[in-house]
Amino acid sequence: MIPLSKPILGREEERAVLEVLRSGKLSQGQKVEEFEKKFAKFIGSKYAVATSSGTTALHLCLLVLNIGPGDEVITTPFSFIASANVILYVGARPIFVDINPQTFNLNPRLIEKAITPKTKAILPVHLFGLPADMEKILYIAKEYKLFVIEDACQSHDAEVKMGAVWKKVGSIGDVGCFSFYPTKNMTTAEGGMVVTNKKEIAQKIKMLRNHGMRVRYQYEQLGYNFRMTEIQAAIGIEQLKKIAKFTHKRIQNAKILSKLLYGVQIPYVSDNTKHVFHQFTIKVPSTLRDKLSNELNKKGIATGIYYPKIITKYNIYRKHNSKNLFQAEKACKEVLSIPIHPQLSNSDLMKIAKIINTFIKNNS
Ligand SMILES: *Cc1c(COP(=O)(O)O)cnc(C)c1O
C-alpha cells in the first residue's frame, strides 16, 4: 500500500531522542528553547513559543488576544475541526465564510460582509499547504482593526509574496500557529508552535502555557499545561534541518503529478505563492469521486477525503450554522487527496497517475 503520509525519521532523530533520555531532563528545558530559537529564525519571526500541539498553540493565541464571550472570529468552514474548536474553547462565536473553490481557502471578498461590531479577529487556514490570500486579508484587518491569527498547521515553509518580499506563512499576521503531528510536513510526534513578532504576546503565551507562571508558584492568571517535552523538541530540531529538502521533494512530486494527470482538476498554483503540498488534492466530478477513491484503494494507493463535511454540519456547530457556504459544501463532494509525500518514487507517481487517467477515460 502506498500511504497518504509517512513521517521521515532517521538516525539523527533516534540519536537526539536517546541523548535526551540519557540526560534525564525530559520536560520543557534547553532543547525546547533551542527548537524555539531555530524555528523562529526559519520562519522569519522574532519569537516562537513551543506548545503541546497545534490546537493548543491556536487556543493560546485566542487567549492572549483576549478573545472571549461576545466576540466573533471569522474563519473557514472547510478545514480540520481544530481551527474552529479553539474559538468555542474561549467562548467566542465562529463566523464561517465561504471559500474560493479554486484555492480551497477563505474568499476575502466575503470576509468584509461578515464583519460586525463584535468581530475581533480573522483566522485564515493555509489549507493543504497553499497560503491564503494574505495581502487582502491583512488589508481588511487593518481597515477594521482586527487581529489576524494564521493557522499554518498544514503549511510549514509555505511562502507568499507580499508586495515585493517573500514571507513565510505564520510570520504575516499578529500570530501564526504550526502543528507537528506525524502527518504534517515535519513532526515531533505531537507538538505545536506559535510564532509572532510581538514580545509581549510571546511572553504572555509562555506564561499561559505554564499555568500562568512567569516566576515559579506565582500564578498571574488562569493558565494551562500546554508545554512541549525535551524529547519532542529534540526531534523537532532534527526535522527542521530537513524541512527544506522535504518541501522541495513535495513540490517536485506535485509538478510531476500535475503534468501526468488529465481529466481532473489539479491543485491551484500561482506565481505569488509557494505551495508546499501538505496534501495534493484534486477535484473529481461528485458522481465519480468515491468510485475513483475505491479504485485507487483497491490498487494499493491510499486516499483521503479532506474534508467530508463542512464544520457547520457537525452537531457541536449547529448553533453556528451560516448560510451561503455553497462552495465549501460543493468541495466536500469533489475533493480527493492522493499521496504526495517525499518518500514516493517516480514509479509510484506514474502508477497513481495511470490509475486515475485510465479511470477517467473509462468513465467519461
Ligand atoms: C493539524 C491541524 C491542526 C491541529 O494540530 P494538532 O497538532 O493536531 O493539534 C489545526 N488546524 C489545522 C488546519 C490542522 O491541519
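Just so you know, ligand 1 is whichever comes first in the structure, and atom 1 is the first atom listed for that ligand. Just so you know, these numbers come straight off a predicted model, no measurement behind them.
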Measure up the F39 and H156 rings against each other and bin them: parallel (under 30°), tilted (30 to 60°), perpendicular (over 60°).
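F39 and H156: perpendicular rings.
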Heavy-atom proximity to atom 8 (O) of ligand 1, best of S155, P182, A82, S179
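When every heavy atom of S155, P182, A82, S179 is considered, S179 comes closest to atom 8 (O) of ligand 1.
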Let me confirm one number: the CD-OG distance from E150 to S83, rounded to the nearest 0.5 Å.
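Between E150 CD and S83 OG, I get 13.5 Å after rounding to 0.5 Å.
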Ligand-residue contact atoms, ligand 1 with [X], heavy atoms, under 4.0 Å:
X: S53; answer: 7 (O), 9 (O)
X: S79; answer: 13 (C)
X: V125; answer: 13 (C)
X: G54; answer: 5 (O), 6 (P), 7 (O), 9 (O)
X: C153; answer: 2 (C), 3 (C), 10 (C), 11 (N), 12 (C), 14 (C)

With backbone taken as N, CA, C and O and side chain as the heavy atoms from C-beta onward, which portion of K184 lies under 4.0 Å from ligand 1: side chain, backbone, both, or neither?
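K184 to ligand 1: side-chain contact only, backbone stays beyond 4.0 Å.
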With a heavy-atom distance limit of 4.0 Å, tell me whether D151 approaches ligand 1 through its side chain, its backbone, both, or neither.
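Side chain only; the backbone of D151 stays clear of ligand 1.
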Aromatic contact, F180 with F35 (centres under 6.0 Å):
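Yes, the ring centres sit under 6.0 Å apart.
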is_close_aromatic(F96, F78), centroid dist under 6.0 Å
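They do not qualify: ring centres at least 6.0 Å apart.
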For the salt bridge (charged side-chain N to carboxylate O under 4.0 Å, His left out) test, which of K31, R209, K46 pairs with E36?
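When K31, R209, K46 are each tested with E36, the salt bridge (charged side-chain N to carboxylate O under 4.0 Å, His left out) holds only for R209.
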Taking distance alone, with no angle check, do T55 and ligand 1 share an N/O pair under 3.5 Å?
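Yes; the residue has a nitrogen or oxygen that sits under 3.5 Å from a nitrogen or oxygen of the ligand.
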